[in-house]
Amino acid sequence: SSGINAEWPLRPGAWVVALSKHWHHDCFQCSHCSRKIDSKEKFLTNLGKPICMGCNNDHFRSKCTVCGKPIAGTSLVYKESSFHHACVNCYVCDKAFEVGDHENIRVVNGKDFKHADCKK
């Protein structure tokens, strides 16, 4: 839906203001799954239309190649794969990588991650 329906007039307090429009509560819905988005609920946009957080996580975020869960924020990316920092360990010292380690990570044999200063 596109917001205001002329046949269903807006009553004071009976709408949600979002995306520079007034919406009937029942008309403000996720453009992907059509679920009604509550006025107190967080949402994102895709092409200027509301997207609920569930659809954003399931359909629009990259997924970690190791655990399969959506990645929020920064990630390790190698070729076509994305990883949570905590899901990938250095193959030399076995410690998990941390956000901010990007400059200190090397890929060995096209598949193994290691800290640049770990020797092997």
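For the numbers below, each heavy atom of this structure counts, side chains included, while hydrogens, waters and symmetry mates do not.
In this structure, the side chain of Trp23 engages the main chain of Ala18 through a donor-acceptor pair within 3.5 Å. Side chain of Arg106 to backbone of Glu103: a donor-acceptor contact under 3.5 angstrom is found. No side-chain donor-acceptor contact under 3.5 Å links Ser62 to the backbone of Ile71. A distance-only check finds a donor-acceptor pair linking the side chain of Ser31 to the backbone of Pro50 [under 3.5 Å]. A side-chain donor-acceptor contact under 3.5 Å links Asp38 to the backbone of Lys40.
Hydrophobic clustering places Val88 together with Tyr78 (ILVMFWY residues linked when any side-chain heavy atoms are closer than 4.5 Å, directly or through intermediates). Residues Phe28 and Leu44 do not share a hydrophobic cluster, clusters being chains of Ile/Leu/Val/Met/Phe/Trp/Tyr side chains in contact below 4.5 Å. Criterion: ILVMFWY side-chain heavy atoms under 4.5 Å apart, direct or through other members. Under it, Val107 and Phe97 are part of a common hydrophobic cluster.
Side chains of Met53 and Lys42 form a contact here, defined as non-hydrogen atoms less than 4.5 Å apart. With a 4.5 Å cut-off on side-chain heavy atoms, His85 and Leu76 count as touching. Between Lys63 and Lys69, the closest side-chain pair of non-hydrogen atoms is not below 4.5 Å. The closest side-chain heavy-atom distance from His115 to Cys93 is below 4.5 Å. Residues Thr45 and Ile51 have side chains not in contact (no heavy-atom distance under 4.5 Å, counting atoms from C-beta outward).
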Would Lys36 and Glu41 count as a salt bridge (Lys or Arg N to Asp or Glu O under 4.0 Å) if you check the C-alpha gap in whole Å, the side-chain angles of each, and the deciding distance to 0.1 Å? CA-CA 10 Å; Lys36 184 173 112 175; Glu41 179 179 351; over 6 Å; no
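The CZ atom of Phe43 lies 14.5 Å from the NZ atom of Lys49; values are rounded to the nearest 0.5 Å. In this structure, OG1 in Thr65 is found 12.5 Å from NZ in Lys79, a value given to the nearest 0.5 Å. Rounding to the nearest 0.5 angstrom, the gap separating the CG atom in Asp112 from the CG atom in Asn89 is 11.5 Å. Considering SG of Cys90 and NZ of Lys114, their distance stands at 6.5 Å, rounded to 0.5 Å.
The minimum heavy-atom distance linking Asp26 with Gln29 is given by the pair O-NE2, 3.1 Å. For Ile37 against Cys52, the heavy-atom pair with the smallest separation is CD1-N, 4.1 Å. Heavy atoms only, all atoms of each residue included: His84 and Pro70 are closest at NE2-O, 3.1 Å. Gly48 and Leu19 make their closest contact through O-CD1, 3.7 Å (heavy atoms, listed as atom of the first residue, atom of the second, distance).
Annotation: Phe83 is in aromatic contact with Phe113 [ring centroid separation under 6.0 Å].
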